[in-house]
Asker: 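Got a structure for you, written out below as structure tokens; questions coming shortly.
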Amino acid sequence: MARHLITSAIPYINGIKHLGNLVGSQLPADLFARYQRARGNEVLFLCSTDEHGTPAELAAAKADKPVADYCAEMWAVQAKIAEGFRLSFDHFGRSSSPENHKLTQHFAGRLDDAGLIREVSEKQMFSNADGRFLPDRYIEGTCPNCGFEDARGDQCDNCTKQLDPTDLINPRSTISGSTDLEERETKHLFLCQSQMREKLQAWIDSKTDWPILTTSIANKWLNDGDGLQDRGITRDLDWGVPVMKGDDVWPGMEGKVFYVWFDAPIEYIACSQEWVGAGKGTDWERWWRTDKGADDVTYTQFMGKDNVPFHTLSFPSTILGSGEPWKLVDYIKSFNYLNYDGGQFSTSRGRGVFMDQALEILPADYWRWWLLSHAPESSDSEFTWENFQQSVNKDLADVLGNFVSRVTKFCRSKFGEEVPSGGVCGENENALIAELTTRIRAYEDHMAAMEVRKSAQELRAIWVAGNEYLQNAAPWSTFKEDPETAAMQIRLALNLIRLYAVLSSPFIPDAKDALMAAMQTTDESWPDDVPAALEALAPGHAFTVPDVTFRKITDEEREDWQARFAGTRD
RNA sequence: GGCGGUAUAGCUCAGUUGGUUAGAGCAGCGGAAUCAUAAUCCGCGUGUCCGGGGUUCAAGUCCCUGUACCGCCA
């Protein structure tokens, strides 16, 4: 039995994520986790919220709540929505957990011992009114280049010139609006990634089977300009992991916290400790420590392309630099962006469909199927309501749902609500079994390779094969002359329903439950042997005719949603 | 500005290391069937593979260049 450690990029805490975020990491990770479990492999699937940093502080301030309370509330909201989408995390943790604090401080100490941390003194803008240092993008002022009045401290949105906050004319804090800013000296810790460059390059070069998107982004950072740069891993903030060297104070770093991107990936590990702490597991080290049983673990990470540099370079620097036998990632599956109706999904502008809204209008399976079958793997892809309606109606309602309906209802009317007996298989049946065997093996290969779209395509073809078979076998005609043969045909078709439920479960888990319940079986065994799998429901086995498995999306609904989600969210 | 990605049928997308007449699903058209959520099945695709150059016996596939869209710039 293979062992799979699977993590999804951890979503930021300050709000509800949109469908683009979902399809870029959590959803495909869930697909893979569910598939590996269905194959009988041991899986630990982890995700958390990413809670530290300025945006969380600001969101909390806007909500007029202490940041810790705000994060706790938002964690609960995100956890509930994740459940709504049937994301099957073994644990949904929090980067603000005590476990992550301790582990982050531990890694920092190890990196310092290894000579991979250096102190850098730099000047940064301090806002007297806000009583804090301001990150570049929280300072605005007039662009010295084009005169644009709302240029950000890092770049002018008007002329696109890159700026330093000190360049701005009449700089002001975007938090308070105050212009009472001054430059102050502050000390920060930098992770010496540049020292790790060759090691990282060799590691990336060895990953010849990774998506091009992943390796090309990594190589860009490794080789662009002067090569991989050292990176500040501390900030002058209150909300975060206090800078400590292991369990000891770090002289000169009092009152500072680690940068969110330093502690966030470490949460992958800490999450497994939280998992144990929550009583869901007993041993996290056998997943993470190659000296303690994790040497046979396959570790796969899922993320959007914006997260790739941190997972290919920063986090591996932390892991490798620690000098300890931590499990390093084996495969990084990265995704492009999903666009929304001709533009981008945007959290900050509230554009697109957000996870909570999606669940308000349709069950999770609809979204799961469309998003996964259109996952932006090779390039950015596009969500339109017309496409969504057409795909979902055709694939789920017409091809799969109607198959279930026609088979169960026909059986009920001719043989009653139990699997009929009699008849022997012939040419049609053998051809179907041959086709299914070929297709199921292809489906397995695509799923194992995390080829999401191709998997969906193959699964759909498997559903279509059932309709083709029915059309060829035509039990409604056979029944008139030869009820025995019709019984055999319909027995096979009823077994196809169970087979489809099992095969489809990674994509549409609720439908799987509904179909298994209708077939009155709990046999979810994978069809390693297709002929045997098609005899799982024996003659005499009782079943019920399920309610409509997937209702269709009407034109009125589509138009309604199109209008409702055309603007931006408050 | 720098860097990266993308550009293939009306739509959403496949096209492996360059190799015969460029494919799938949807939509559209025609037919069959009537068990079913008017659901299914079969048949039908000449599309300057973004433009222009080049390498090659051979390029959607490699190189150069132009254009458009998108993203990133910690």
Side-chain angles (χ1 to χ4, degrees), chain A residues 135-137 145 154-156 159-163 190-191 193 208 212-213 216-221 223-225 228-233 235 259-262 304-310 313-314 334 336-339 342-344 370 373-415 446 451 453-454 456-458 460-461 463-480 486 489-490 493 545-554:
Chain A
D136 292 356
R137 55 190 175 129
N145 189 48
D154 53 348
Q155 184 179 36
C156 174
C159 68
T160 73
K161 185 179 170 58
Q162 288 214 51
L163 301 171
F190 272 60
L191 175 58
Q193 297 186 138
T208 50
I212 293 167
L213 184 65
S216 70
I217 292 173
N219 278 318
K220 185 208 157 194
W221 288 96
N223 300 307
D224 199 35
L228 189 59
Q229 299 296 300
D230 293 347
R231 189 186 175 85
I233 58 164
R235 290 291 186 273
Y259 179 44
V260 59
W261 263 113
F262 183 69
K305 60 183 170 184
D306 50 328
N307 280 336
V308 168
F310 302 102
L313 306 169
S314 307
S334 55
N336 285 286
Y337 291 145
L338 180 68
N339 289 321
Q344 312 169 53
W370 190 89
S373 60
H374 294 77
E377 290 179 295
S378 60
S379 66
D380 292 356
S381 65
E382 177 92 1
F383 175 93
T384 65
W385 287 102
E386 287 85 355
N387 186 302
F388 177 67
Q389 180 196 19
Q390 282 176 0
S391 299
V392 161
N393 284 354
K394 186 72 181 174
D395 298 347
L396 296 181
D398 298 348
V399 174
L400 177 62
N402 181 56
F403 176 80
V404 173
S405 184
R406 66 196 295 204
V407 170
T408 52
K409 285 181 179 169
F410 180 79
C411 185
R412 180 173 60 186
S413 73
K414 306 298 184 199
F415 302 101
H446 288 141
E451 296 266 19
R453 276 176 185 247
K454 288 180 180 169
Q457 212 172 1
E458 200 60 52
R460 186 188 186 284
W463 297 339
V464 167
N467 281 314
E468 284 172 7
Y469 168 74
L470 280 189
Q471 210 66 28
N472 291 333
W476 50 89
S477 307
T478 316
F479 184 78
K480 294 168 190 161
Q489 292 168 334
I490 228 60
V545 175
D547 295 332
V548 168
T549 316
F550 292 101
R551 70 170 186 81
K552 292 209 214 191
I553 297 169
T554 63

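Reminder, nothing fancy here: chain letters follow the sequence lines and each chain counts from 1. Only this structure's heavy atoms are used, side chains among them; waters, hydrogens and symmetry mates stay out.
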Asker: Would you indicate what A:Lys454 reaches in the nucleic acid, counting non-hydrogen atoms under 4.0 angstrom: base, sugar-phosphate, or nothing?
Answerer: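 Result for A:Lys454 = sugar-phosphate.
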Asker: At under 4.0 Å between heavy atoms, what does A:Phe479 touch on the DNA or RNA strands: base, sugar-phosphate, or nothing?
Answerer: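 It contacts nothing in the nucleic acid.
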Asker: Report yes if a donor N or O on one partner sits less than 3.5 Å from an acceptor N or O on the other, where the partners are the side chain of A:Arg231 and the base of B:rA74; otherwise report no.
Answerer: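 In this structure, the two groups form a donor-acceptor pair.
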Asker: Pairs counted only when both distances fall under 3.5 Å, Watson-Crick or G-U: show me the 5' to 3' dot-bracket for RNA chain B, [ ] for pseudoknotted crossings and | for other-strand partners.
Answerer: (((((((..((((.....[...)))).(((((.......))))).....(((((..]....)))))))))))).
Asker: What I want to check is whether an N or O donor and acceptor connect the side chain of A:Asn402 with the base of B:rA36 at under 3.5 Å.
Answerer: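 Donor-acceptor pair under 3.5 Å: yes.
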Asker: Quick test of the criterion, 5.5 Å between centres and less than 30° between planes. Is A:Phe410 stacked on B:rC35 or not?
Answerer: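 Answer is no, no stack.
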Asker: Nearest whole Å is fine: how far is B:rC70 C1' from A:Asn339 CG?
Answerer: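 Going from A:Asn339 (CG) to B:rC70 (C1'), I get 7 Å.
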Asker: For residues A:Leu191 and A:Ser314, determine if any side-chain heavy atom of one lies less than 4.5 Å from a side-chain heavy atom of the other.
Answerer: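 No, every pair of side-chain atoms sits at 4.5 Å or beyond.
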Asker: At a cut-off of 3.5 Å, list every protein nitrogen or oxygen paired with a nitrogen or oxygen from nucleotides 24-26 of chain B, distance to 0.1 Å.
Answerer:
from   : atom 1 : to       : atom 2 : distance (Å)
B:rG25 : O3'    : A:Arg460 : NH2    : 3.3
B:rC26 : OP1    : A:Arg460 : NH2    : 3.4
B:rC26 : O2'    : A:Gln390 : OE1    : 2.8

Asker: Taking atom C1' in both B:rU55 and B:rG10, compute the distance separating them and give it to the nearest angstrom.
Answerer: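 These two C1' atoms come out 36 Å apart once rounded.
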Asker: Taking it one step at a time, do A:Gln471 and A:Glu468 satisfy side-chain contact (heavy atoms from CB on, under 4.5 Å)?
Answerer: CA-CA 5 Å; A:Gln471 210 66 28; A:Glu468 284 172 7; 5.6 Å; no
Asker: Which nucleotide in the list B:rU40, B:rU37, B:rC35 gets nearest to the side chain of A:Trp476?
Answerer: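 The answer is B:rC35.
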Asker: Could I get the full list of side chain to side chain contact (heavy atoms under 4.5 Å, CB included) partners for A:Val399, not counting sequence neighbours?
Answerer: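 Side chain to side chain contact (heavy atoms under 4.5 Å, CB included) list for A:Val399, sorted by chain: A:Arg460, A:Trp463, A:Val464, A:Asn467.
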Asker: What distance, rounded to whole Å, do you find between the two P atoms, one in B:rU8 and one in B:rG52?
Answerer: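 It works out to 16 Å between them.
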Asker: So, for A:Ile553 and A:Gln389, which heavy atoms are closest and what is the spacing to 0.1 Å?
Answerer: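 Here A:Ile553 and A:Gln389 meet closest at O-NE2, 3.1 Å.
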Asker: Please tell me whether A:Phe479 and A:Phe415 form a close aromatic pair, meaning their ring centres lie under 6.0 Å apart.
Answerer: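 Yes.
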Asker: Remember a base hit wins even if backbone is also touched, and classify A:Val464 as base, sugar-phosphate or nothing at under 4.0 Å, heavy atoms.
Answerer: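 Touches sugar-phosphate only.
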